[in-house]
Protein chains: 2
Amino acid sequence: MQKKGSATIYDVANRVGVSLATVSRVVNGNSNVRDSTKRKVLDAIEELGYHPNAVARGLASKKTTTIGVVMPDMTDMYYSELARGIDDVANMYHYDVLLTNTDEDPVRETMAINNLASKQVDGIIFMGNELDREVLNKITSADAPVVLAGSVDAEGRLPSVNINYVDAVDEAVTMMIKNGHERVALVTGPMSHAINKLHRLEGYKSALEKANIPYDESLLFVAHQDYDAGLKIAEKILDSSANAVVAYDDEVALGIMNYMIDQGKNIPEDFEIITANNTKFAIVTRPQLTSIRQPKYDIGAVSMRMLTKLMNNEMIDETQVQLPHTIERRGTTIN
Amino acid sequence: MQKKGSATIYDVANRVGVSLATVSRVVNGNSNVRDSTKRKVLDAIEELGYHPNAVARGLASKKTTTIGVVMPDMTDMYYSELARGIDDVANMYHYDVLLTNTDEDPVRETMAINNLASKQVDGIIFMGNELDREVLNKITSADAPVVLAGSVDAEGRLPSVNINYVDAVDEAVTMMIKNGHERVALVTGPMSHAINKLHRLEGYKSALEKANIPYDESLLFVAHQDYDAGLKIAEKILDSSANAVVAYDDEVALGIMNYMIDQGKNIPEDFEIITANNTKFAIVTRPQLTSIRQPKYDIGAVSMRMLTKLMNNEMIDETQVQLPHTIERRGTTIN
DNA sequence: AATAGCGTTGTAAGCGTTTGCAATTAGTTA
DNA sequence: TAACTAATTGCAAACGCTTACAACGCTATT
């Protein structure tokens, strides 16, 4: 019954008159220990207020029951919802989450991975669009398994969970075309990111092609993912004479919408918008935004579930998971 | 030059022909090491790709350079912005962040605290409105220092960082009164939370008192912090014949606003709204929401800074910090 | 040239667990 | 009841690092 530093396994063993090993066994719910002794140990634990020291445990067992989550920005609703899915499943499997924001800076991403490795995390979930070559090397050489959530690996080597971005954009653009638009603008992030260049843009082109509409580069816009960027790009979109847009981020879409409204446009009659993340932003505005619906929470949850399997060396049927998406029709499109 | 489990400090020592202690010293930037040996050690570290094992370090030094952050919900923009401030400052001081969502469930809050304690975190930042008695005991008995961020401790014992909620609400209500409203509704969270009962409500009453307006309980509304709750409560607010409202949460405020608009009200001419968190939600809508402006990021950052001092046993001038707030006038109020 | 003193390095005892292996005890079977 | 198997326990060596404390070699002093 000491004051500081709380009791250790040693104290418990002493109290009961058994060995460390026995206490360790009951603490870990381990098999072979007689009921009567188990009870005695449990009592002593209770009385002493013993709590196992996870650090010591980690050293001895080489497992920390901690995973690392590397994400661009937790205040971005898209990512925070992914992370929430991750966290819930992690807790379910008794893992703790070490969180790092990187703002998609490759330097910080690399530092984060290194740091997590030195903290001996059992696994890592990585989010972010850009996957720098150096980061990727770090990741693959880390002893801990890694899964990409809502991110693509250009070379398709790492386990990942996302939606089919090509199809999603294709469907959105096709819907706009069906609604009678020949000039549909596409707003994405920088082309240096595989997800934009290889997925979103491809989906866009594919939709045009199917409709026999020639690809017009002047309808392609690049914007950062925030409201002001949307406001800014909107002007150019208007100049391009596009009267429909598919945007990759809700805040950007909102910026565009509000700009259009300020210019006297009626939404959706004069100008149609489809956004892509379906966050709360899409719902709280008037009109509400038609959006590609990604199962964000589920992407996180499934990634985490996959990671638990990886950490247990369980067999995994498919490491490149694509979850279903739909288009949620709301007020910024006619149909 | 081994394959697995990467090099240990022992390998480095062997390579150079010095003792563990010496390697440890250079790794920790410790004082007394001759330059020449330091260089040799550094080279060996480089060649072997040695990275210190933080778990072992934690066991030996009893410091994990990890802090715990306990929060209601990371997808709630208010909290995620606080957390971002925490995370940035934590990184600045080389701490990692172990994140836990509790949904304000006292059971989960208690579990989180226990768990963090067993993981030997060096400190904890706690967010959330309700501070259950049991949780509080856990917290105060934990060996790690704790600071409350954006939360109040009814008994004012724990270090905390927030704004003056009483004044903030007082000012908002006073502003509404000056705008000519006699019947100003207040929407808060459950009265079981000190922040609502002891702070927001008091601010509300104080404003009424100064204006010689009797307190009318039928103008007090309780709602969960989400958009639908706002939509729902709005109907009752309309029935109460209030024509101005001060709400404690942006999503709720948005729900109220949209409902009013649907009922044909003109905002702000027919109905005025002031919200309290000034998240992005307040900006992306039309009209934009007038809001109490809390320095959310700073609350997080300052909490974390305070925690670093506490962890270093540095003297702290004031453990109950109140950061300044203002009212950001936008489109849902006349002035 | 002997001594004190300082900067540098090594020794070894932890830190609190886990875990393979050996030892002990209990339970069966003949 | 002896012999044998299975169930319980204890032993002690890791795990990778930090940190008193001791020891060493030098230079500076007298």
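Every chain is numbered from 1 and lettered A, B, ... according to where its sequence line falls, protein lines coming before strand lines. Just the heavy atoms: all of them, side chains too, but no hydrogens, waters or symmetry mates, feed the values below.
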Could you tell me whether A/Ser24 contacts a base, only the sugar-phosphate backbone, or nothing, with contacts defined as non-hydrogen atoms closer than 4.0 Å?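 Contact class for A/Ser24: base.
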
Nearest to the side chain of [X], which nucleotide is it out of [options]?
| X | options | result |
| --- | --- | --- |
| A/Ala21 | D/dG10, C/dT8, C/dC15 | D/dG10 |
| B/Val18 | C/dT8, C/dG10, D/dG10 | C/dG10 |
| A/Val33 | D/dT9, C/dT17, D/dG10 | D/dT9 |
| A/Ser19 | D/dG10, C/dA26, C/dT17 | D/dG10 |
| A/Asn53 | D/dC21, D/dC17, C/dT17 | C/dT17 |
| B/Pro52 | C/dT9, D/dG10, D/dC17 | D/dC17 |
| B/Ala60 | D/dT9, C/dT18, D/dG16 | D/dG16 |

Which pairs pass salt bridge (charged side-chain N to carboxylate O under 4.0 Å, His left out) with one or both residues in residues 85-98 of chain A, sequence neighbours excluded?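 Residue pairs passing salt bridge (charged side-chain N to carboxylate O under 4.0 Å, His left out), neighbours aside: A/Arg84-A/Asp88, A/Asp96-B/Lys119.
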
Round to a whole Å and report the spacing from [atom1] of [X] to [atom2] of [N].
| X | N | atom1 | atom2 | answer |
| --- | --- | --- | --- | --- |
| A/Leu59 | C/dG14 | CG | C1' | 12 Å |
| B/Ile9 | D/dC15 | CD1 | P | 15 Å |
| B/Arg25 | C/dT8 | CZ | P | 11 Å |
| B/Lys63 | C/dG16 | NZ | C1' | 17 Å |
| A/Lys119 | D/dC17 | NZ | C1' | 14 Å |
| B/Leu20 | C/dA12 | CG | P | 12 Å |
| A/Ile45 | C/dT17 | CD1 | C1' | 13 Å |
| B/Tyr50 | D/dC17 | OH | C1' | 7 Å |

Report the distance from atom CD1 of A/Ile113 to atom OG1 of A/Thr100, rounding to the nearest 0.5 Å.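 Atom-to-atom, A/Ile113:CD1 and A/Thr100:OG1 are 8.5 Å apart.
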
Look up atom OH in A/Tyr297 and atom CG in A/Leu82, then write down how far apart they are to the nearest 0.5 Å.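 The distance works out to 11.5 Å.
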
Can you check whether [X] has a side-chain N or O nearer than 4.0 Å to OP1 or OP2 of [N]?
| X | N | result |
| --- | --- | --- |
| B/Ser61 | D/dT18 | no |
| A/Arg57 | C/dG16 | no |
| A/Lys62 | C/dT19 | no |
| A/Thr37 | D/dT9 | yes |
| A/Tyr10 | C/dT18 | no |
| B/Asn28 | D/dT18 | yes |

Given that B/Thr22 and B/Val55 both sit by DNA chain D, which one's nearest nucleotide is further toward the 5' end?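 Here B/Val55 is the residue nearer the 5' end.
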
Taking the side chain from [X] and the backbone from [Y], do they hold a donor-acceptor pair closer than 3.5 Å?
| X | Y | answer |
| --- | --- | --- |
| B/Arg25 | B/Val33 | no |
| B/Asp122 | B/Ile67 | no |
| A/Thr110 | A/Pro106 | yes |

Does the side chain of A/Thr308 pick up a donor-acceptor pair with the side chain of A/Arg305 at under 3.5 Å?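 Yes, A/Arg305 and A/Thr308 have a side-chain donor paired with an acceptor closer than 3.5 Å.
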
Measure the shortest side-chain to side-chain distance between A/Ile163 and A/Ile299 over non-hydrogen atoms and say whether it is less than 4.5 angstrom.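 A/Ile163 vs A/Ile299: side chains touch.
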
Divergence of helical axes at both termini of the helix from C/dA1-D/dT30 to C/dA30-D/dT1 - five pairs an end, 10° steps: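 Comparing the axis at each end, I get an angle of 40°.
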
